[in-house]
Q: 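Right, I'll just put the structure down here and ask away after.
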Amino acid sequence: MPELPEVETVVKSLAATCQGLTATEIKFYRKDIREPIPIPQFRKALLKQAVVSVERRSKYIIMNTKTGSAIFHLGMSGQLLALKSKKPQFKHTHLVMTFTGEAQNIYLHFVDPRRFGRISAHLGEAWEQHPFFGQLGCEPLEQRSLGTYLWNYGKKSNRPIKSLLMDSKVVVGIGNIYACESLFLAGVHPERSAASLSPKDYQAIAAAAKKTLRLAIKAGGTSIKDFKSMEGKSGYFAISLNVYGRSDESCNICGNSIGHIKQSGRSTWFCGLCQK
DNA sequence: CGTATCTCCTGCAAGC
DNA sequence: TGCTTGCAGGAGATAC
């Protein structure tokens with residue numbers, strides 16, 4: 001599942017690959033994935049004009065031209081692959097964009113078996129106005145005093161801390177893996193109510209989240225499961241997981257057995273001794 | 001209003 | 001071996 005660090009990696013590759021190139025052909029193989037794709041707007045935003053820049057907000061990928069922006073979300077099984085062939089190479093290829101360069105064409109394939117991804121577009125300069133971005137919380141790596149920011153939300157909330165961390169209206173980009181791993185590093189039990197935690201706990205959680213995200217970005221994305229780079233290479237498994245998916249294995253710190261529970265329908269792993 | 005639960009989808013793995 | 005079942009997950013929709 002591409003999480004924030006993986007998306008950051010894709011954005012960098014896309015910028016290196018497509019910036020300055022012009023999409024000369026756009027072929028959709030579906031008119032919807034999670035929701036209908038605004039195909040005319042997408043074409044209008046991208047076709048026949050140079051890509052000026054590629055950005056990330058939350059886990060969205062934004063490709064800008066002079067007239068607008070193409071917007072992608074990889075969901076949990078999505079990939080953007082730069083291939084040498086125009087022909088779909090995989091069963092669930094939903095979109096192929098032909099980018100014309102001086103040397104050779106680049107074919108950007110959007111592949112997403114589980115169709116949890118999104119494709120949209122915004123015309124005009126301010127893509128921030130697109131509905132996708134209206135409700136989003138802060139960027140964890142850009143927020144000054146993330147700990148204080150989180151505490152301000154958490155101090156008046158009885159939700160479990162893990163649910164707060166995964167709420168994109170509060171802070172974006174912290175999916176299940178990073179929530180579990182950050183809470184482990186911070187020594188905080190995932191079921192603790194947000195209001196029961198001290199400012200110091202929040203500083204520890206914020207530091208752990210930033211550290212894990214930064215490490216993963218530096219490593220080119222963690223690629224825990226389905227993630228592949230734009231060249232189709234599997235990831236580097238650079239981040240060793242302390243708790244995620246490690247049911248009944250022993251804790252790297254204390255040797256205690258890693259616990260597995262469900263929180264609002266999502267799996268949570270933790271060490272009952274290291275996390276209080 | 002805040003919070004919890006349901007929903008979308010396919011591929012894979014476990015269990016019988 | 002071939003079936004069924006459960007699970008993975010972001011985030012919008014819906015329900016309380």
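First the proteins, then the strands, lettered A, B, ... as listed; each starts at 1.
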Q: Any N/O pairs under 3.5 Å between the protein and nucleotides 2-4 of chain B? List them or say none.
A:
from	atom 1	to	atom 2	distance (Å)
B/dT3	OP1	A/Ser157	OG	3.1

Q: Would you confirm whether A/Arg214, through its side chain, and A/Lys218, through its main-chain N or O, come within 3.5 Å as a donor-acceptor pair?
A: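 Checked: no pair found.
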Q: Under 4.0 Å between a Lys/Arg side-chain N and an Asp/Glu carboxylate O for A/Glu139 and A/Arg57?
A: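 Yes.
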Q: Would you mind reading off the distance between A/Leu165 atom CG and C/dG10 atom P, rounded to a whole angstrom?
A: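 Spelled out: CG on A/Leu165 to P on C/dG10 is 13 Å.
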Q: Using the 3.5 Å cut-off, write out each protein N or O paired with an N or O of nucleotides 11-16 of chain B and the distance between them.
A:
from	atom 1	to	atom 2	distance (Å)
B/dG11	OP1	A/His92	NE2	2.8

Q: Whole angstroms only, please: what is the CZ-C1' distance between A/Phe132 and C/dA11?
A: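 To the nearest whole Å, that distance equals 10 Å.
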Q: Charged N to carboxylate O under 4.0 angstrom, A/Glu35 versus A/Arg118?
A: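 A salt bridge is present here (some side-chain N lies under 4.0 Å from a carboxylate O).
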Q: Taking the six-membered ring of A/Phe28 as reference, does the cationic atom of A/Lys31 (NZ for Lys, CZ for Arg) lie under 6.0 Å from its centre and within 45° of its axis?
A: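 The answer is no, since A/Lys31 fails at least one limit relative to A/Phe28.
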Q: How would you label the contact of A/Gly117 with the nucleic acid (heavy atoms, under 4.0 Å): base, sugar-phosphate, or nothing?
A: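 No contact.
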Q: Pick one: which of A/Val188, A/Ile161, A/Asn152 meets side chain to side chain contact (heavy atoms under 4.5 Å, CB included) with A/Tyr202?
A: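 That would be A/Ile161.
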Q: Given atom CZ of A/Arg266 and atom C1' of B/dT5, what is their separation to the nearest angstrom?
A: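 Nearest whole value for this atom pair: 11 Å.
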Q: Counting neighbours of NZ on A/Lys48 that are heavy atoms of other residues, nucleotides or ligands and sit closer than 6.0 Å, is the number greater than 12?
A: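 Open.
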Q: Any side-chain donor-acceptor pair under 3.5 Å between A/His260 and A/Ser267?
A: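 Distance-only check passes for A/His260 and A/Ser267.
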Q: Check the phosphate of C/dA11 against A/Arg34, side-chain N and O only, distance under 4.0 Å to OP1 or OP2. Yes or no?
A: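 Negative; the distance criterion is not met.
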Q: Starting at atom CZ of A/Phe133, determine the distance to atom P of C/dG12, rounded to an integer number of angstrom.
A: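 Taking CZ of A/Phe133 and P of C/dG12, I get 11 Å after rounding.
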Q: Any donor-acceptor pair under 3.5 Å joining the side chain of A/Arg118 to the base of C/dG12?
A: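 No pair found.
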Q: Round to the nearest Å and state the distance from A/Ile261 atom CD1 to C/dC7 atom P.
A: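 Distance check: A/Ile261 CD1 to C/dC7 P gives 15 Å.
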Q: Taking for each residue the nucleotide of DNA chain B bearing the nearest heavy atom, is the 5' side occupied by A/Arg30 or by A/Gly265?
A: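 Its nearest nucleotide being more 5', the pick is A/Gly265.
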Q: NZ of A/Lys59 versus C1' of C/dG10: gap in Å, rounded?
A: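 Roughly 7 Å, once rounded to whole Å.
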Q: State whether the side chain of A/Ser163 and the backbone N or O of A/Arg159 hold a donor-acceptor pair below 3.5 Å, judged by distance alone.
A: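 Not at all, since once roles are kept as given, no pair shorter than 3.5 Å links the two residues.
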Q: Indicate whether any N or O donor in one side chain lies under 3.5 Å from an N or O acceptor in the other, for A/Ser53 and A/Asn64.
A: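 The criterion, which ignores hydrogens and geometry beyond distance, is satisfied for A/Asn64 and A/Ser53.
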Q: In whole Å, what is the span from the OH atom of A/Tyr60 to the P atom of C/dG10?
A: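 Result: 12 Å.
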Q: Rounded to the nearest Å, what distance is computed from the CD atom of residue A/Glu35 to the P atom of nucleotide B/dT7?
A: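 Roughly 18 Å, once rounded to whole Å.
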